[in-house]
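Okay, so here's the structure we're looking at.
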Amino acid sequence: MSAADAQGVCVGDRLGTTDTYAAGEGVFVRDGFVIASVVGFKRVEVPAAAGELPQKPTLHVASRDTLPLVPKPGDIVTVKISRVAQTAAHALIMCVGRQALSTEFKGVIRQQDVRSTEIDRVVIYDCFRPGDIVRAEVVSLGDARSYYLSTAKNELGVVYAKSATAGAAMVPTSWVTMQCPDTQAVEKRKVAKLESLVSA
Amino acid sequence: MEFVSPEGLRLDGRRPRELRRINCQLDVLSNADGSAIFEMGNTKVLAAVFGPHAVTRRSELREEGALVVCEYSMAAFSTGERRRRGKGDRRSTELSMVIRNTLEQAVITELLPRSQIDVYVQVLQADGGTRCAAINAAVLALAAAGVPLRDLVCGCAAGYLDGTPLLDLNYTEDAGGGPDLCVALAPRLDSLYLVQMDNRLPVDTFQAVMELAREGCRTISGVMRQALLEHTQRLAVARGITAAV
């Protein structure tokens, strides 16, 4: 890191003009200036010259931990199922993208958001069980109680589940079933199709 | 009682336009997301910030931004006479609201919708200027927690005794019966977030006292900025992000 970058920037410092830089994380724009909103170190990201138009470099301020994170519509989140009901599965959002949250937010996967086909014939208990770790997408900010989540894509669904009988981590066998390695029992889940599981 | 001697010195030996000695300590609590102790002379205030996290009371959930919740309390040993104050007493409730309003304007709440930020401010030692010290401690704690802020908001108080505008009154000067003007300023944006005054002042004198308080805010902001940058630099060196300068 150059000597200038090792200095650190504070809240309210003017880092540049909007003519030179695009605003990234940890900064805000006011009166044509890019101003820091957190305490940290300045980081400039030069975009790869892929497109025809020359892009402005993006200015970020990296604070000591990353910025406090709140789920937004479109984020891929990792949730743990807490309760399973007739028409919905309730979950606790534990990670947003690759970053773990320090506190849990509540989310719900409604019956119509579990999968994209035959949505009125979904049996929630055959898709999720309490304790499963599920990868889902935030559909909307939801109601006052929880975010609305969806697993209606191939790569979304259960990524880790323990078998009901032996408690061992189950192995996915198809997009609707998982098998326990100890007892060979097969259980139904809505399984996520991860790149690592796709056989050649 | 004279508050300004003929030589122009105050009761504690300061000049009329001089601030008390300021000391900032950051990340003093390990379980809080951000914490700070702000000392201005003998006044010592501890602030702890928790959040942003999910809103605890659903009825107060705000769709458009974060909810800032503030609680101000004074330790029983903070004043000269040790007195157990309940959290619900009038002065604490009023100051909680005042500090909350100031912080809500400073935090960029639109970036964190439907969440809640808890700020707890505890006065450990009170010697005048507690509400300003509380605002300063809270802003330091918010910056230490990484909560996005519009500016480094600072609070400072000024008064008018013996025909002289005085900066940063201590308890004796505060109790002297003169006006006490408390101001919170965003120095880079040059906008006021809080203006509160006890007693009365003629309008032209008010301008002089107000300008003095704003000057005090700018000076304090410089000190706080320095403390934050030094602390961040120390953390970065400890984590191996930068080499020691």
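Naming: A, B, ... by sequence-line order, numbering from 1 per chain.
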Original post:
Looking at I108(B), V55(B), L61(B), which makes the most heavy-atom pairs under 4.5 Å with chain A?
Top reply: I108(B)
Original post:
H53(B) versus Q116(B): any side-chain heavy-atom pair under 4.5 Å?
Top reply: yes
Subject >> Residue part contacting chain B, namely of K72(A), when any heavy atom lies under 4.5 Å >> reply: neither
Subject >> Contacting region of D13(A) [heavy-atom separation from chain B under 4.5 Å] >> reply: both
**OP:** Please check if the side chain of S96(B) supplies one atom and the backbone of Y72(B) the other of a donor-acceptor pair under 3.5 Å.
**Re:** yes
Check this for me: does any side-chain nitrogen of one of [X] and [Y] sit under 4.0 Å from a carboxylate oxygen of the other?
{"X": "D190(B)", "Y": "R218(B)", "value": "yes"}
{"X": "R188(B)", "Y": "D151(B)", "value": "no"}
{"X": "E104(B)", "Y": "R150(B)", "value": "no"}

What part of [X] lies closer than 4.5 angstrom to a heavy atom of chain A: side chain, backbone, both or neither?
{"X": "E230(B)", "result": "neither"}
{"X": "L152(B)", "result": "both"}
{"X": "L228(B)", "result": "both"}
{"X": "R58(B)", "result": "side chain"}

Original post:
Is the Lys NZ or Arg CZ of R114(B) less than 6.0 Å from the centre of Y147(A)'s six-membered ring, within 45° of the axis?
Top reply: yes
